[in-house]
Student: 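Can you read through this structure? Questions will come right after.
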Amino acid sequence: MRCKVLIFCAIICLLVMLADGKQRQRTKSRSLAVKQGHRNGANRNLHSNARRGNRLAARTKNRRNRRLNAAKKNRRRRNLAKKSKKNLKKSTPTASTGAKYLELPINFRQGFERTTNTFRSERAFLSARYGTNFAKTYGTARLSNIGNMEYDVKMSIGTPKQKFTMLPDTGSSNIWVPGPKCKSKACKNHKKFHPAKSSTYKKKTKAFAIEYGSGSVKGRLAEDTVSLAGLTVVNQTFAMTRSEPGEAFEESKFDGILGLGFQSISVDNVKTLIQNMCEQKVITDCIFAICLRGGGTSSKGGSLFIGNKNTTAYTGSNSYVYTPVTKKGYWQMKLDGFYVGSTKVSGAAQAIVDSGTSLIAAPLQAYKEFVKVTGCTPTSSGECWVKCSTHIPDIIFIVNGKKIIIKGDKVKMKVKTKKGHTVCLLIVTYEGTDFWILGDPVLRTSCVVFDEAKNRIGFAAIT
Ligand SMILES: *[C@@H]1O[C@H](CO)[C@@H](O)[C@H](O)[C@H]1NC(C)=O
Ligand SMILES: *[C@@H]1O[C@H](CO)[C@@H](O)[C@H](O)[C@H]1NC(C)=O
């Protein structure tokens, strides 16, 4: 009899030891997994960062809850008489079950409701820990179309946000807005940035000057938080202008220019907004895309997609054809050929995609051929005119074997002369460049993806 009891006791002891050992092993492998995660952290993408962040937060919460509960239990033990057993059970953590997306059991405080506030503070906690923002990894901004000649986007600078209308320009790489001391007429007509009203503004002393095909501005650099398409970048260097001479920017709807080219053509070698978005992991896919809508003045002028190339709202099931960036600076690529109808006007040539140019510019030889084939009347300033009744065939660019077609009626733009006559300006002009400039008319026929990560440009026809 005694012997039987001893054996029974021994079996119980063995089971308890086994169970204890297993538990310890589980705990050990769990902390190993978390350490591994930490070590590889830098190479992981944001998504797994977020997941790991949640796991770590859960672990911290576990520990805190365990500590809290131990303290509570002690307190409870001390005045046991007052507490009902049911209450005690209620405050004891229970492992969650059945939630597949959580790899570690989480101890929920019962009756704890997740509100948007707790969610936000948790996110802020994670952001602070990793210096990143898990909230969004892409954004879309609506563009407004000013008479098919200008497309603008809303952007804000500073804390609190000061809002600006910007021209998104893939043909340059700096950001500038009118500064507080600018007295030019162009500055009086537009919104100025007020550094004194921004708590995140950082002063810089370096001078800034930039010249565009259409005008120039001068000022100095500054640094502040910049938000675009719901995405926020800190420490973005931009310029505040002190003068905007001439008429170039007087009548524009935009206050400033948002350069979307590469850093190598950025004045003062300033890091671009897209670059900072990638480095600060505001976007995980280092790309942006532009789709323009025609139709003149409209608040629905298309979209600027950042960190995302889901342009199906514009392109339907049309797929992208890609071509490599041949030189980083502008968004430069090789054009395989150019046709007017079935007539070949130009063979292979270099081209840049420039959202800041409202027309298309051809190299000299191609322009001369274009004038001959269409029978338009060239002016000394590089434009070519026809009577609006003149038939113009479709024009076709060949990119990596695929056709980008601009319909003949879209090659003509109706313009009123000073005398009140209506004539038609052709969208193909000569600007003195030895490369093609593919401006807005191309972006109205195709969504274009500017892929910094893979160093390529993609085109998909807009439906
Ligand atoms: C921004 O600048 C501040 C100091 O000027 C620095 O502490 C912070 O780390 C910077 N943040 C990023 C993401 O570069
Ligand atoms: C892409 O965008 C369309 C429309 O904007 C949306 O319906 C679709 O769900 C999106 N697809 C993905 C994979 O996000």
Side-chain angles (χ1 to χ4, degrees), residues 41-47 49-50 53 123-143 153 155-161 175 193 195-196 198-206 220-240 263 266 268-293 298-320 443-444 446-453 458-463:
N43 300 330
R44 294 281 179 85
N45 65 27
L46 211 58
H47 199 66
N49 253 347
R123 234 167 43 189
F125 163 77
L126 294 172
S127 299
R129 166 171 285 179
Y130 297 104
T132 55
N133 181 0
F134 302 129
K136 261 183 97 187
T137 58
Y138 59 84
T140 307
R142 177 78 66 81
L143 298 172
V153 69
M155 189 186 93
S156 65
I157 306 179
T159 312
K161 291 174 174 177
I175 297 173
F193 177 66
S198 172
S199 63
T200 42
Y201 165 76
K202 289 186 209 119
K203 190 176 173 173
K204 291 198 157 210
T205 50
K206 196 160 189 183
R220 71 173 166 81
L221 297 183
E223 200 180 295
D224 210 330
T225 301
V226 169
S227 295
L228 174 71
L231 305 167
T232 298
V233 157
V234 297
N235 304 350
Q236 175 66 47
T237 300
F238 62 98
M240 302 186 292
Q263 189 184 6
S266 150
D268 294 332
N269 201 33
V270 169
K271 261 191 198 167
T272 67
L273 182 67
I274 297 290
Q275 222 172 344
N276 277 328
M277 281 186 173
C278 299
E279 285 179 13
Q280 293 177 20
K281 298 202 162 46
V282 173
I283 55 177
T284 43
D285 263 348
C286 209
I287 59 171
F288 65 94
I290 298 177
C291 310
L292 299 186
R293 289 268 189 225
S298 156
S299 61
K300 292 175 187 163
S303 296
L304 169 62
F305 296 85
I306 298 178
N308 172 20
K309 57 169 188 216
N310 179 10
T311 58
T312 52
Y314 293 84
T315 54
S317 56
N318 293 339
S319 58
Y320 276 92
L443 292 157
R444 277 194 289 268
S446 302
C447 285
V448 178
V449 167
F450 301 85
D451 187 338
E452 297 214 8
F459 296 83
I462 293 175
T463 55

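Every number for a ligand or one of its atoms is a count from 1 in the order of the listing.
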Student: Are the side chain of Asp285 and the backbone N or O of Ile287 linked by a donor-acceptor pair below 3.5 Å?
Tutor: no

Student: Could you find the nearest protein heavy atom to atom 5 (O) of ligand 2 and give me its residue, atom name and distance?
Tutor: Ala313 CB, 4.0 Å

Student: Which ligand 2 atoms does Thr312 reach within 4.0 Å, using its non-hydrogen atoms?
Tutor: 1 (C), 2 (O), 3 (C), 4 (C)

Student: Quick one: which of Val282, Asn235, Val233, Thr200 has a heavy atom closest to atom 2 (O) of ligand 1?
Tutor: Asn235

Student: Hey, is atom 9 (O) of ligand 2 under 4.0 Å from any protein heavy atom?
Tutor: no

Student: Restricting to non-hydrogen atoms, name the atom on Gln236 and the atom on Asn276 that form the minimum distance, rounded to 0.1 Å.
Tutor: OE1-ND2, 2.8 Å

Student: I'd like to check which ligand 1 atoms, numbered from 1 as shown, lie under 4.0 Å from a non-hydrogen atom of Lys202.
Tutor: 1 (C), 2 (O), 3 (C), 5 (O)

Student: Check each atom of ligand 2 against the heavy atoms of Asn310 and keep those under 4.0 Å away; list them by number with element.
Tutor: 1 (C), 2 (O), 3 (C), 8 (C), 10 (C), 11 (N), 12 (C), 14 (O)

Student: Do the side chains of Asp224 and Phe193 get nearer than 4.5 Å, heavy atoms only?
Tutor: yes

Student: Of all heavy-atom pairs between Met277 and Leu231, which one has the smallest distance, and what is that distance?
Tutor: CE-CB, 3.8 Å

Student: Please identify which of these residues, Thr315, Thr311, Asp451, meets the side-chain hydrogen bond (donor to acceptor under 3.5 Å, both in side chains) condition with Tyr320.
Tutor: Thr311

